[in-house]
Amino acid sequence: MVGSKHHYFTHLGLILILMVVLFPLFWVFTTSIRRDNAAFSTELVSTRFTFQHYKELIFKPKNIPTLIADMKKAVNISEEYKGKSEAQIQGSLTDLIAKFEKILASTDEYLNNTDQDIQKMNSFYDVQQKLVLDQFMRNYPAFLSQLQKFTQDTIDSMAEEVKILLDSSILEKIAETGILPDNQTLVELRFPELYSAFVDVTQKTQTLLNATQEELKILLAENSVTPAVRDQLNNSFFTLKGLIATGGFTYTKWLREISIKVYNPLNGVIQAIADEHLTTLWELYKENQKNSAREIEQFLKDFNTKVLQLSTIIKALKAEKIDNPLQNLNALNQAQEARTVLLNQNAAQKLKNSVEINTIENRISFFQQQIDVQIAFQVQAEGIIRTFFEKPSFISTDAIVLEKWNSILVQTNALLATLQTLENSPNFPDNLNLNSLNKSLRFIVDNKEKIVSYLGYVALSDSISVYANTYLQLVPLFGDVEGSLSERTKKLAQLDSLNAEYEKIEKERITENERLSVISIEAVKLQNNIVEAKRNYDLLLLKNQLSTVTNWELVSAFVTSYTAYQDAYPAEKANFPSFIAIFEPVSYLNRLKELTEDFANQKNVINLLTKTLREKEQEFEQRSSLYISLRMKGSQIKVQELTEIEDGYLKAYENFSFSLNRAGRRATDLAKIPFFVTVKNDLKNIDKQIYDLVQLWNKKPDQFFMQWLLNSVIVAVLTAFFTVVVCALGAYPFSRMRFPGRKYGLLFLVLLQMFPSIMAMVALYSLLRFTGKIFPMIGLDTIGGVIFIYLGGLPFNMWLLKGYFDTIPDSMEESAMIDGATRFQTFIKIVLPLAVPILAVVFILCFMGTFNEFVLARIMLQNPKNYTFAVGLQSFANGPFQMEWGLFTAAALIGAIPMVIVFLFMQKYLVSGLTSGAVKG
Amino acid sequence: MRYFRKIFFWVFLTLSNAFLLWSSVFLFNSAMEGLAIALIAALFIVDYAFLNPKGYPYRYTLPALILLFILTVFPIYFTIKVAFTNYGTGHLLTREQVVESLLKEYITNENSSDTVTKAAEPYSYRIFMRSENFLPTTDFLLILENTGIVYVAEKPNILERDQNGLPLSATSRMSELKGDQAIIGENAYSVIRSTQDANKIIAINQISSARTTQYAFFFSFEDASTAPNQKYAISEIFLNYLEKADFTNLQGETLRFGSRYGFRKLMQAEKKYRLDTITFDQGGKVFQRTVFINNRTQRPLEERDGFFYETDDQGSQSIVGGYSSFVEFQNFTKMFTDPRLSQPFLMIFSWTLIWAALSVLFTFTIGLGLALMLNNPGLKGKVIYRTLLIIPWAIPSFISVLVWRHGFFNETYGVLNKFLVTQLFGLEGIRWLNNDFWAKVSCLIVNTWLGFPYMMTVSLGALQSIPITYYEAACMDGAGPFRRFGKITMPLLMTSIAPLLVGSFAFNFNNFVGIYLLTNGGPEMPNSITNAGSTDILISYTYKLAFEGSRGQNFGYAAAITLFIFLLVTGISAVNFKISGTFEEVNR
């Protein structure tokens, strides 16, 4: 046999392929039963299941916003209520009001149920809080000691900068708020002297307070003190106590707040009693306080001086060790940047310079070209002149010629002289060559006697004029060249100096860079130290906080700070791993607390809301008949109660939906933590209840999925039915009879089937618009119209049926006809029963094809209520509810599953039918 | 019984003849000649089927034929007709309709600001309403006022309505009020003035021999105290009666609402164009032609390329109306020659071919692979595997495509980017539907997913029909598995599958849903004057040309492409029929 016995790999491969292939389906299913919105979730699947989306699609349950809208519609007698009697409208309005009340009642019920669970949570919290607190209290000393050891060690081994920074933070805090319990230990640790001064002040103040209390007792013991005065005196003592408790008690403050504001009015009262003893005691009482306050002021001054001294020292240290190096670094960086700017400027200048030099050199080379041209002329002229030298001399007598010659001679000499000076000038460049010119001019000067004796020849005297031309051409250029040359020299010198400057700065920059990199390393160290100091400070604060924990609030505050500390310094997590187990329950309980508090707050909000809504709704119920009769008479009305209900709902819903949803999410998150294992189900229940509660209140998109599905089914069934009937009739003669036009008819069918129907839609659209005028049943935007249009898909099905009819043997029909049956009878009684399988296939194919059709329906149907499922789903998915994946996937499944089931059952027939048609449905 | 049948036969025949004849005449009158011709053809067939014994078979096919003529042949005729016209945005109406509408255009005098004449002054107006049981009715009169002269106008008489029942044109008679009396036609009116303010008219009495009807002051834009009536006045009176109405007085002047005052005031108006003949010289011959003349500028409208152009003072031209006209083969030639159209067209055409070919290749390779795996005789659970693998085919494709588009290919929220690309591979999210290349990849992925079960099913069927003895014999001769596949499986498979592959190619060639629902043809192609997209195939491009008019609908061009597609598909199918021998039986 071919193949092996076991197919592990085949199975494995197939299962893998199946997983990939069916993943979209899996996703659609899980998304349709999620409680959260899949589009915005970071999880692929959620454990928070619900069938809410299906419920919504199938039953469209009424909730508060839809009911409000419905009531508005009813009372305003909108489209769907037109033509109903007053009593009918009143009836439906009463129904709506009853539903509204029912939802309010079930809201209360949900709230109460959830509240019961929340109460359970509260008792769980109470029990656990004690346990956790106990555990914390048992374990925290170990943590504290580790922290202590850790911080002591670190402070000792700290870099000096870190210590300075630490101290300066502590001092800053003191200068800002004085010594408070949370930094006391820190001060004690770092500044014992300062601390003892602080203790002195505190003790002194305490003494003052104690002494005053004693004296007050004596004062109050006096018989003459009236109850009113007694109260006033007592009050004055409390004021004093309060003043001290706020901190920063000084003499000035005492004078202003106590002596003037409180004692001065009392003076009059006490003198009015006219008890001398009492007055003396009172004066003494005040005097003692005054002295003590002065004393405290003195101590405080000492303390402040000390703080100031220390601050100055630390500041100086900080400036020296930290600020200055950082400033230096900054300054260096800035200098370096300035250098870079300078270098850039220099480079730009140099570029400009060299461009200018280049221009000048171009000018010079142009000059050279001119010279070369002239030389070429001269050489030619020289050759001509030389040919005359062999001939007999022929002196000219023409004055003009002679004069010309003389001027040429003068000019040439002048030119030679200029050349000489030019060549001797220091600016003379290497690339300018005047030698040839010199040489060729020399010819005239050297041979002047000879030339004179031949001037009679016209050709020679003409050739001479070349030299005159040279003069004309070159002399203006010489001036320019001279200027250019000196300019060039200047520019070259500039360039040199620029280059020198550049090199200097560059050198500086490089050396500075080296220094900078050294300093930068230091600076990085410094920065690290700053961070380290900050961390140590935070850690010390943390330690302080921990050492003062006594009750739950402080513990949870500490855990919050500890979590913040860990978040700020992630590397620290490793230092205290064993304590997370103690701290985590605290934060869990805190989260639970937040949840219950959230819920309690929102419960109040909702209770208040339902109360007001109930009241408004009752008012509305009482007046509804009045409203309706008014509206029936044609007045425009605005129902105040409904507006108030809507406003109240909108305002409250925004807030509570967010908080409640958060609470629900929290509950599920907590339920996953093992700590809550005993109350897991209650937590889940809370989430579920809250979800159901919010569903009663939230705004839902307007959708008609069930209407669309129904439309699609009606359209598909009717289309399929008519198609089967018409096609069976139409295909029969093609299979059984021979008649004119049969062959071309068949070809015609095939051709028709291939014509793309896109443009046909324009024609069909106008056709439907036209038929709609005569038969409104099959017009535009009607289901009937769409069915009518779909009946155009006959050719393919006729082919299918014809093919099947061909396979039914003729003999039975023939024998029936011999027995006297007509053609039509044989068709009805024999062929059709035998063709039931293919009729079923055509029906199903047509049903599925119609169900899937989307293009034509989209063009023909405009009112959302008339959409078929395909058009509706597409419009829903692309429209404003693009992110409502829950509803979308649920709808997709509702639409897909019946089709899948039909398809799978009919698979065998369909495949044969489809393959013979050679196209996919 | 026999007589009864006979009577029934003739009554039926007469009725259907009458109905078809009436329908086609009706259709001719409604300017739907194509459908009318289709119905006349149907009429002939009906008569042939019932009157000629040879036409007996046609009695069976009649319903199918009539439906085919109306729903298939007529649209095809329409497409072919449109392919040779410039029908589309700006060319939707026939020439007659455009001429008619131009002749109906009015222009109010408000813009002639150079001379302030009586004609340029607006008419303020007030509505007087007859009430029934203290509720307003739709029976009303108007008082118009212009430069101190007061007129009474009657409720406009609607001459023409559009398909929603709103008036297209209406006319109202008006007459000057003289001594508080006015007579319009057979009706006499007298006004009642306020006792406090003699200038203020508070009611109008319509006096006829039978009875007197009173119309009370109802609404005026100038009278703030009537503001509560505004809503009713606008929804019931303006939109239903006044908006398109002309008010004509005895001098033949016309009043209308203009753009300057909106509904607030009426303006004197005149027709914008008139028809006139102009004579012109051409090559020494003198021609006469009827043209539109603008009454204001006295310049004729120019007519070319299916448009009427108006020339303004600066000599620049603007379109005032367009109609569809016959353009010969322009739609076909510009498909290949006009670079702005031909470049996108050729790109779309080549992508259509690539798309169809790759779709067939991928679906067939995967389908065949799976079929080979499943065709193993010893494999257990074959039915379950096959059933599960067939599911993507069973789901309605529009649903799957929408799920893929929104759930999987969405750039921010889609499963692919959110979980696979960014989380698993740590790459940057792919711009699935907005990048030329990735959009094409997306289309192919989805189409492969949708299409492979079909290929798997047909391959499986074909594989099972290959007798196992062939393999056993090959085994004996020492052929390895690859050799067996190449020499036995493939050749035998291809004889039955090849036509299906060609058919699948033809199907994907026109696979509208697979493209349009997924990418909508996008991302848009740059530098195109039509709304062509990079993943558009011919059929979706045609659809967008015809129905999504963000850059103007172009039915003519769309029809031309449709014919082109038809030609190609017919060609492909002809090849296919040749392979499969479908037509041999026809000649049996």
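Each chain gets a letter, A, B and so on, in the order its sequence line appears, and its residues count up from 1. Note that these values count all heavy atoms, side chains included, but never hydrogens, waters or copies made by symmetry. Note that the structure is a prediction, hence the values are computed from the model and not measured.
Not less than 6.0 angstrom separates the ring centroid of B:F547 from the ring centroid of A:Y765.
There is no contact between B:N511 and chain A, counting heavy-atom distances below 4.5 Å. At a 4.5 Å heavy-atom cutoff, the contact between A:M761 and chain B is made by backbone and side-chain atoms alike. Looking at B:F555, the atoms closer than 4.5 Å to chain A (heavy atoms on both sides) sit in the backbone and in the side chain alike. With a 4.5 Å cut-off on non-hydrogen atoms, B:R59 does not touch chain A at all. Within the 4.5 angstrom heavy-atom criterion, only side-chain atoms of B:V82, from C-beta onward, approach chain A. Both the backbone and the side chain of B:I76 come within contact range of chain A, each with at least one heavy atom under 4.5 Å from a heavy atom of that chain. In this structure, chain B has a heavy atom under 4.5 Å from the side chain of A:Y732, while its backbone stays farther away. Of the two parts of B:Y516, only the side chain, counted from C-beta on, holds a non-hydrogen atom closer than 4.5 Å to a non-hydrogen atom of chain A. With a 4.5 Å cut-off on non-hydrogen atoms, B:Y60 touches chain A through its backbone and its side chain both. Only the side chain of B:L370 comes within contact range of chain A, with at least one heavy atom under 4.5 Å from a heavy atom of that chain. For a residue to count as touching a neighbouring chain, one of its non-hydrogen atoms must lie under 4.5 Å from one of that chain's; by this rule B:L374 touches chain A with the side chain only.
Here B:Y543 is the residue among B:W404, B:F74, B:F452, B:Y543 with the most heavy-atom pairs under 4.5 Å with chain A. Per-residue heavy-atom pair counts under 4.5 Å with chain A were compared for B:L563, B:T562, B:I572, and the maximum is reached by B:T562. Annotation: maximal heavy-atom pairing with chain B below 4.5 Å, among A:V725, A:I774, A:L751, occurs at A:L751. Most heavy-atom pairs under 4.5 Å with chain B: of the set A:A896, A:G792, A:C727, A:P756, this distinction falls to A:P756. Chosen from B:V415, B:T542, B:T387, the residue pairing most often with chain A at heavy-atom distances under 4.5 Å is B:V415.
Using a distance-only test at 3.5 Å, with no hydrogens or angles considered, a donor-acceptor pair links the side chain of B:K418 to the main chain of A:S41.
Considering all non-hydrogen atoms of both residues, B:S573 and A:M754 come closest at OG-SD, 2.8 Å. Summarising the geometry of B:Y385 relative to A:I15, their closest heavy-atom pair is OH-CG1, 3.7 Å, with the distance given to 0.1 Å. Of all heavy-atom pairs spanning A:A763 and B:P75, the tightest one is CB-CA, 3.9 Å. Here the shortest heavy-atom pairing between A:A892 and B:V403 reads CB-CG2, 4.3 Å. Nearest approach of B:P57 to A:P733, heavy atoms of both residues: O-CG, 3.5 Å. In terms of heavy atoms, A:N852 sits closest to B:P396 at OD1-CB, 3.0 Å.
Proximity of A:Q874 to B:L402: side-chain heavy atoms (C-beta onward) are separated by under 4.5 Å at one or more points. Under the 4.5 Å side-chain criterion, counting only non-hydrogen atoms from C-beta, A:M737 is in contact with B:Y56. Contact annotation: the side chain of B:L389 approaches that of A:I17 to within less than 4.5 Å [non-hydrogen atoms, C-beta and beyond]. Side chains of B:Y48 and A:P740 form a contact here, defined as non-hydrogen atoms less than 4.5 Å apart. B:I70 is listed as a side-chain neighbour of A:F788, based on a closest heavy-atom distance under 4.5 Å. With contacts defined as side-chain heavy-atom distances shorter than 4.5 Å, the pair A:L749/B:L68 qualifies. Taking the side chain as every heavy atom from C-beta outward, B:L71 and A:Y790 never approach each other to under 4.5 Å. At least one side-chain heavy atom of A:H11 sits under 4.5 Å from a side-chain heavy atom of B:L379.
Residues in residues 733-762 of chain A take part in these ring-ring contact (aromatic ring centres under 6.0 Å, His included) pairs, two or more places apart or across chains: A:F734-A:F739, A:F739-B:Y58, A:F755-B:F566.
Using cut-offs of 30° and 60° for the angle between ring planes, the B:Y413 and A:W885 rings count as perpendicular.
Near-neighbour residues of residues 21-29 of chain A relative to chain B, defined by a heavy atom under 4.5 Å from a heavy atom of that chain, comprise A:V21, A:L22, A:F23, A:P24, A:L25, A:W27, A:V28.
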